Amino acid sequence: MKYWLFKSEPDAYSIDDLKNEENGVGRWDGIRNYQARNLLRDKTSVGDAIIFYHSSCKNVGVAGYAEVLSAPYPDPLQFDPESKYYDPKSSAENPRWVCVDVKYTKHVSRFLPLSEIKQCDELNEMVLVNRSRLSIQPVKETEWLKIKELTKNS
DNA sequence: GCCAACGTTGGC
DNA sequence: GCCAACGTTGGC
């Protein structure tokens, strides 16, 4: 099993929004960055664990956990002219963008702010700190374990 | 709202 | 294929 960090702006889609979906299942769509797309398309597997990170908001940091529920499949928004994620250069025969379904696992017991991640020796080399703009990021097992520990109630 | 970092586009 | 211009991300 692999570990991932998925970023979302909570004003657009938060851990609460995912929890409130039917059966806690949502679609992680709208990825329009090639590096993130490649990770999603080529590296994610059903059952992988996801750290749900809230970005671009008042409190940035780790808000919850989810899991990868489906294999990657073409993102339907790329074919929808009404969507801001519409891509006229994409086609059904050769779709450019993919998405996965994800399932809510839980909220963190204790919110883990980015500032604390930056201060933590075991976490300050995360992609999140060094390449912060990537919206789908691999997480090392050691980092995963540390984040699990830091998001528990003390 | 600012701005640094960085990704994308398009002319040549 | 280079690179300048431009757009987006995201912390603060």
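Note that the coordinates shown come from a computational prediction; the quantities given were computed from them, not determined experimentally. Order of the sequence lines sets the chain letters (A, B, ...), proteins ahead of strands, with each chain counted from 1. Heavy atoms only: backbone and side chains are in, while hydrogens, waters and symmetry mates are out.
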Is the side chain of [X] donor-acceptor paired with the backbone N or O of [Y] at a distance under 3.5 Å, no angle test?
X: A/Asp75; Y: A/Leu77; result: yes
X: A/Lys7; Y: A/Leu134; result: yes
X: A/Ser91; Y: A/Asn94; result: yes

OP1 or OP2 of C/dG11 sitting under 4.0 Å from any side-chain N/O of A/Tyr53?
->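 It does, given that an N or O in the side chain of A/Tyr53 lies less than 4.0 Å from OP1 or OP2 of C/dG11.
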pair A/Tyr53-A/Val60: side-chain heavy atoms closer than 4.5 Å =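 Yes; the side chains approach each other to less than 4.5 Å.
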Run the side-chain hydrogen bond (donor to acceptor under 3.5 Å, both in side chains) check on A/Asn20 and A/Tyr104 step by step: do they pass?
-> CA-CA 9 Å; A/Asn20 291 333; A/Tyr104 172 81; over 6 Å; no
So which nucleotide from B/dC6, C/dG11, B/dG7 ends up closest to the side chain of A/Arg133?
->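 Nearest to the side chain of A/Arg133 among the choices is B/dC6.
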From C/dG10, B/dG7, B/dC6, pick the nucleotide closest to the side chain of A/Arg131?
->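 Side chain of A/Arg131 sits closest to B/dG7.
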In whole Å, I'd like the distance from the [atom1] atom of [X] to the [atom2] atom of [N].
X: A/Phe6; N: C/dG10; atom1: CZ; atom2: C1'; answer: 19 Å
X: A/Tyr34; N: C/dG7; atom1: OH; atom2: P; answer: 18 Å
X: A/Gln137; N: C/dT9; atom1: CD; atom2: C1'; answer: 12 Å
X: A/Tyr85; N: C/dT8; atom1: OH; atom2: P; answer: 12 Å
X: A/Asn33; N: B/dT8; atom1: CG; atom2: P; answer: 6 Å
X: A/Asp11; N: C/dG10; atom1: CG; atom2: P; answer: 13 Å
X: A/Leu134; N: B/dG7; atom1: CG; atom2: P; answer: 9 Å
X: A/Lys7; N: C/dG10; atom1: NZ; atom2: C1'; answer: 7 Å

Apply the side chain to side chain contact (heavy atoms under 4.5 Å, CB included) test between A/Trp28 and each candidate in A/Ser70, A/Ser8, A/Cys99; give the one that qualifies.
->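 The side chain to side chain contact (heavy atoms under 4.5 Å, CB included) with A/Trp28 is passed solely by A/Ser8 among A/Ser70, A/Ser8, A/Cys99.
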Residues in contact with DNA chain C, drawn from residues 113-122 of chain A - heavy-atom cutoff 4.0 Å |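 Heavy-atom cutoff 4.0 Å gives A/Leu114, A/Lys118.
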Does the ring center of A/Trp97 lie less than 6.0 Å from the ring center of A/Tyr34?
->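 Centroid separation for A/Trp97 and A/Tyr34: below 6.0 Å.
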